[in-house]
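We name chains A, B, ... by the order of the sequence lines, and we start the count at 1 in each one. As a basis for the values below, the full set of heavy atoms in this structure was taken, side chains included, without hydrogen atoms, waters or symmetry mates.
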Number of protein chains: 2
Amino acid sequence: MPDRLPPLTALRAFDAAARHMSFAKAADELHVTPAALSFQIKSLEAHLGAPLFRRLNRAVELTEAGHALAPGASDGFQTLASAWRAAERTQDNQTLTVTAGPAFTAKWLAPRLYEFAQTHPEIELRFSASLKLMDFGRDAIDVAIRFGRSADEGLFSIPLAEEWVCPVMTPAMAASYPTPESLMDAPLIFDDSISFIKPKADWETWFKAMGLTFAPTYGPRFSQADHALDAALAGVGVVLGRRALVVKDLDDGRLVAPFPTAINTGVRFRFLCAQGAEDRPQIAAFRAWMMREIDKTAHITDGLTLIPSREIAAR
Amino acid sequence: MPDRLPPLTALRAFDAAARHMSFAKAADELHVTPAALSFQIKSLEAHLGAPLFRRLNRAVELTEAGHALAPGASDGFQTLASAWRAAERTQDNQTLTVTAGPAFTAKWLAPRLYEFAQTHPEIELRFSASLKLMDFGRDAIDVAIRFGRSADEGLFSIPLAEEWVCPVMTPAMAASYPTPESLMDAPLIFDDSISFIKPKADWETWFKAMGLTFAPTYGPRFSQADHALDAALAGVGVVLGRRALVVKDLDDGRLVAPFPTAINTGVRFRFLCAQGAEDRPQIAAFRAWMMREIDKTAHITDGLTLIPSREIAAR
DNA sequence: TCCTTCAGTTAAGTTATATTTAACTGATCA
DNA sequence: TGATCAGTTAAATATAACTTAACTGAAGGA
């Protein structure tokens, strides 16, 4: 589609000159002599049929045509440069950049990092804790862990373990609240991080699953799941813990889940990477390692009754 | 900033090949032989140190590196092409593309078009009726007429006439409603197009300016000012007409403004064009012509009392 | 005033890059 | 089996890009 472009070297010279507002500096940037740069810009102006710069005593300024061209030129070359960097990055099998939300980073990745580094000393792992959607091309991201229901178009995407929630607390606190009914008097912690999912997976839903009608609203609220868990770990109260985030603490006995009924949210964490990137050694290794780690803690679901939130909502 | 780019000709060859998924078609697009194209891509692959295409029996497909590069490359070249077109357009003094909202287009520009064409037969005028913000670089727009209070950064911007509103109606209808008080029983039309402006300029405000307390809510509502005016012209009722949009109809006697009190909204239409473009012949001509047209109807404000909406709100 | 410096230009010659022509490979398909 | 298609290769050539070196014209300090 892009037809009739001027000579690209000349356009590049113009871009550098426009950014620096100086031919000399532009020549420097491109590692050519000022003469070459001057010539390139002259040739570009010849192509256009009009000057792009107004040559002043000791400076240059853009003409109207130059003003029209400069921002797009800069933009275009930046896009090309970042695309090229993305292509170069695919040749790098030493580093692996993973992005995940703060909660998953803190409660799943961080505690397991040491183990990954042991198994794959050749891979330099980098983290970018952020929830905003990333473009695998533009941003320097290899793998994203995202929480959601559907697979994204045009990406390699595999679901991780089912995400259920159930009440978790410190062993000490569990002693004081032996039954689901007794939890109605317990200090409840609210994790608002999953309040957006459609059939709710909140305290009211869980009590409903237990045959109880109770819609608690008072208690500390956290917008980030890891903060809610930290509060529970500190003995502040009881929280509806998300499987992926509590599995380690349950395994290590820092938290317990005394009631064997969990709400299956229907939403999962997903492993995402660019189409075709799933075979790159460090990405394949990371994926295999994640899968192994999840398998290791699969037993946590044993003896639990999972009730889909959809089913509870329908009652 | 953009450092270490591969040879741009080679990158361009890659872009064409990736878009067509065929070296032959890409060679065709770039008007070179397939051999040249093959060579360019080979050189790009050498720069990267890895293949970008997998050569199959009778087709090519992108490798992972190719997948990483292709979208950005296409994007980048498209940006460059459109920037170049924008620069080319500044050399064109035959055409003039103006964008304005539907109401201004219908009620100000359209009725005066013929006259402009008479005075400037050499200029081919094009219209793009849209309210969305335009990028003078990207979109093929020379002049924008926009309604607002502040000037935009980095643009050439001059305010047009002060925009006031006052009740307008057909002469026939004016006969039945001789006083401001009587308007309280008149069929009132609501123009929601200026409902966003801060010190309101609505019916309640106008009645307040007349010392009357009346907040009408029933009556036909229009989201576009020109539709509200069309309704008034059809004799449906009385509308608070905006100066720029009613001036022609008042001048021609199709509408009358029997009450000499108008609300000064403090907001104006503005003439916008790219910085430096204000001197291009067709833009300068269009601007001068607009200013003359506004001057021609300046007398419409004679005898009117303009009360700033701010002042009415403060009462 | 004059001389120096700065920023960009010009011309001639050189080097590097891009392109063509023409012969070649290897797979598909009638 | 042979025609055709899609892409490759090699050698020759044309073109574009760059350098060196000399030049212009204005600003600014001694």
Visitor: How many whole angstroms separate atom CG of A:Leu52 from atom P of C:dG8?
Guide: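 In whole Å, C:dG8 P and A:Leu52 CG are 15 Å from each other.
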Visitor: For the residue pair B:Phe269 and B:Phe104, does the interplanar ring angle fall in the parallel (under 30°), tilted (30 to 60°) or perpendicular (over 60°) class?
Guide: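 It falls in the tilted class, 30° to 60°.
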Visitor: How many Å lie between CG on B:Leu8 and C1' on D:dA16, as a whole number?
Guide: 14 Å
Visitor: What's A:Ser43 touching, base or sugar-phosphate or nothing? Going by heavy atoms closer than 4.0 Å.
Guide: nothing
Visitor: Is it the case that over 12 heavy atoms from other parts of the model lie below 6.0 angstrom from the CZ atom of A:Phe39?
Guide: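 Count not over threshold, so no.
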Visitor: Got a second to check how far B:Arg243's CZ is from B:Leu160's CG, nearest 0.5 Å?
Guide: 10.0 Å
Visitor: Within this structure, what is the CZ-to-P distance between B:Phe23 and D:dG7, rounded to whole angstrom?
Guide: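 Going from CZ in B:Phe23 over to P in D:dG7 covers 6 Å.
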Visitor: Is the shortest side-chain N/O distance from B:Arg55 to OP1 or OP2 of D:dT8 below 4.0 Å?
Guide: yes
Visitor: Calculate the interatomic distance between B:Glu45 atom CD and D:dG7 atom P; express it in whole Å.
Guide: 13 Å
Visitor: Figure out the CG/C1' separation between A:Leu56 and D:dT24, and round it to whole Å.
Guide: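 From A:Leu56 CG to D:dT24 C1': 16 Å.
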Visitor: Tabulate protein N/O versus nucleotide N/O from nucleotides 18-20 of chain D, keeping only pairs under 3.5 Å, one per line.
Guide:
| residue | atom | partner | partner atom | Å |
| --- | --- | --- | --- | --- |
| D:dC18 | OP2 | A:Gln40 | NE2 | 3.0 |
| D:dT19 | OP2 | A:Thr33 | N | 2.7 |
| D:dT19 | OP2 | A:Thr33 | OG1 | 3.0 |

Visitor: Grab the CG-C1' distance between A:Asp28 and C:dC6 for me, whole Å please.
Guide: 15 Å
Visitor: Does a side chain donor of either B:Thr63 or B:Arg54 reach within less than 3.5 Å of an acceptor in the other side chain?
Guide: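 No, B:Arg54 and B:Thr63 have no side-chain donor paired with an acceptor closer than 3.5 Å.
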Visitor: What is the distance, to the nearest angstrom, from the NZ atom on A:Lys42 to the P atom on D:dA17?
Guide: 14 Å
Visitor: Whole angstrom is fine here: how far is it from NE2 in A:His20 over to C1' in C:dG8?
Guide: 17 Å
Visitor: For atom CZ of B:Arg55, is the number of surrounding heavy atoms from other residues, nucleotides or ligands below 6.0 Å larger than 12?
Guide: yes
Visitor: Apply side chain to side chain donor-acceptor pair (under 3.5 Å) to A:Trp108 and A:Glu293, showing your working.
Guide: CA-CA 10 Å; A:Trp108 201 101; A:Glu293 285 296 314; over 6 Å; no
